[in-house]
2 protein chains.
Amino acid sequence: MRSPSQESREVAQEFSLVLRDMVLLLRRVSADQAVSAQQLAILGSLERGPRRVTSLAREHGVRTPTMTAHVSRLEEAGALSRGGDADDARAVAVELTAHGAELLRVGRAARVAYLSECLEALTSRERAAVAAALPVLAKICADR
Amino acid sequence: MRSPSQESREVAQEFSLVLRDMVLLLRRVSADQAVSAQQLAILGSLERGPRRVTSLAREHGVRTPTMTAHVSRLEEAGALSRGGDADDARAVAVELTAHGAELLRVGRAARVAYLSECLEALTSRERAAVAAALPVLAKICADR
DNA sequence: TATTGTTATACTCTATAACTATA
DNA sequence: TATAGTTATAGAGTATAACAATA
């Protein structure tokens with residue numbers, strides 16, 4: 001019988017290869033889209049209300065200057081607006097615009113449509129295997 | 001009972017979110033490594049013998065100028081060498097050096113070690129779910 | 001003409017360092 | 001002093017367009 005650590009090592013080797021392929025999949029999913037995957041994720045964070053630049057940066061695992069750049073590009077595109085914070089004059093309240101909400105809706109729909117097609121090409125058993133793994137993968141990603 | 005297309009759509013929505021998180025996981029996996037994930041994949045292709053720039057580009061889903069840039073960076077790092085092709089004077093035979101083989105070995109080991117740790121933190125049932133999904137995910141990625 | 005590869009250029013995403021303004 | 005955010009700069013990774021050399 002295999003120990004958990006032997007087992008983990010074996011799964012990890014295959015996981016390592018698949019993880020690389022997932023990047024290519026993601027690139028195809030986002031190809032020809034008005035909004036990149038990163039931008040879409042940021043707009044998604046703003047859906048439930050304004051956020052500060054620092055808080056967005058933390059949430060998306062990037063440094064503040066990186067998020068400042070994202071916010072600037074998205075502002076130029078009319079997807080969000082920078083507002084002041086009443087409580088703290090240093091802070092910036094980043095808020096989704098109507099145009100941003102529309103970009104979010106369209107971008108999300110395109111991603112889901114593409115992935116749906118991929119999944120429809122599978123057997124229902126294979127689809128079930130993916131569905132069962134997704135919460136676990138989410139847990140792995142969230143853990144650290 | 002749900003139709004395959006309803007089912008696919010539901011799974012796709014969750015997949016879309018997890019896919020985004022996987023990018024962050026990949027970034028953590030590659031952090032503080034001498035060789036990036038992309039570079040590692042290219043070195044991996046060279047493991048079984050020399051390859052042409054065009055063939056590497058196709059294999060990794062990028063355009064030729066992009067692969068030329070990768071090859072140039074890896075050559076500067078001493079990980080590979082450019083040689084001529086005996087049959088076709090236009091072609092370049094890209095070959096792994098001993099240093100490149102070592103970078104590949106170390107980089108792979110680090111990735112697998114990191115992912116092993118992530119997997120060890122799971123229950124054996126969860127690990128089994130990931131293991132079952134990996135071949136399916138590989139299939140999805142390869143299909144297009 | 002078609003193919004192989006490079007160079008030039010530009011855009012996205014990322015980082016660190018240095019700065020301003022406010023707390 | 002510490003925190004919020006920006007600007008300046010740089011590097012990796014990607015693309016297209018234009019080119020040289022060879023088939």
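No hydrogens, no waters, no symmetry mates; every other heavy atom, side chains included, goes into these values. To find a chain, count down the sequence lines: A is the first, B the second, and so on, and within it residues start at 1.
- The phosphate of dT4(C) has neither OP1 nor OP2 within less than 4.0 Å of any side-chain N or O from Thr64(B).
- OP1 or OP2 of dT6(C) has at least one side-chain nitrogen or oxygen of Arg82(B) nearer than 4.0 Å.
- Closest approach to the Arg73(B) side chain among dA23(D), dA12(D), dA4(D) is made by dA12(D) (side chain taken as heavy atoms from C-beta onward).
- OP1 and OP2 of dT6(C) both lie 4.0 Å or more from every side-chain N or O belonging to Arg90(B).
- What you find for Ser8(A) and Leu119(B) is that their closest heavy atoms are O-CD1, 3.5 Å.
- One atom, CZ of Arg27(A), and another, P of dC11(C), lie 19 Å apart when rounded to the nearest Å.
- For Ala89(A), whose side chain is taken as the heavy atoms from C-beta onward, the closest listed nucleotide among dG13(D), dT4(C), dA23(C) is dA23(C).
- Taking only side-chain nitrogens and oxygens, Arg63(B) comes nearer than 4.0 Å to OP1 or OP2 of dT16(D).
- Salt bridge annotation for Arg108(A)-Glu47(A): present, with a cationic side-chain nitrogen under 4.0 angstrom from a carboxylate oxygen.
- In this structure, the side chains of Leu19(B) and Leu115(A) come closer than 4.5 Å at one or more pairs of heavy atoms.
- Among the heavy atoms of the strands, none lies under 4.0 Å from Asp85(A).
- For dG5(D), one of the phosphate oxygens OP1 or OP2 lies less than 4.0 angstrom from a side-chain nitrogen or oxygen of Thr54(A).
- Using a 4.0 Å cut-off, no side-chain N or O of Ser36(A) falls inside it from OP1 or OP2 of dT12(C).
- Under 4.0 angstrom from either OP1 or OP2 of dT14(C) there lies at least one side-chain N or O belonging to His70(A).
- Distance, Gln33(B) CD to dT14(C) C1': 17 Å, rounded to whole Å.
- Counting only residues at least two apart or on different chains, the salt bridge (charged side-chain N to carboxylate O under 4.0 Å, His left out) pairs with a member in residues 57-78 of chain B are Glu75(B)-Arg82(B).
- In this structure, of dA17(D), dT7(D), dG5(C), it is dT7(D) that holds the atom nearest to the side chain of Thr68(A).
- Between Gln39(A) and Pro65(A), the residue anchored nearer the 5' end of DNA chain C, judged by the nucleotide with its closest heavy atom, is Gln39(A).
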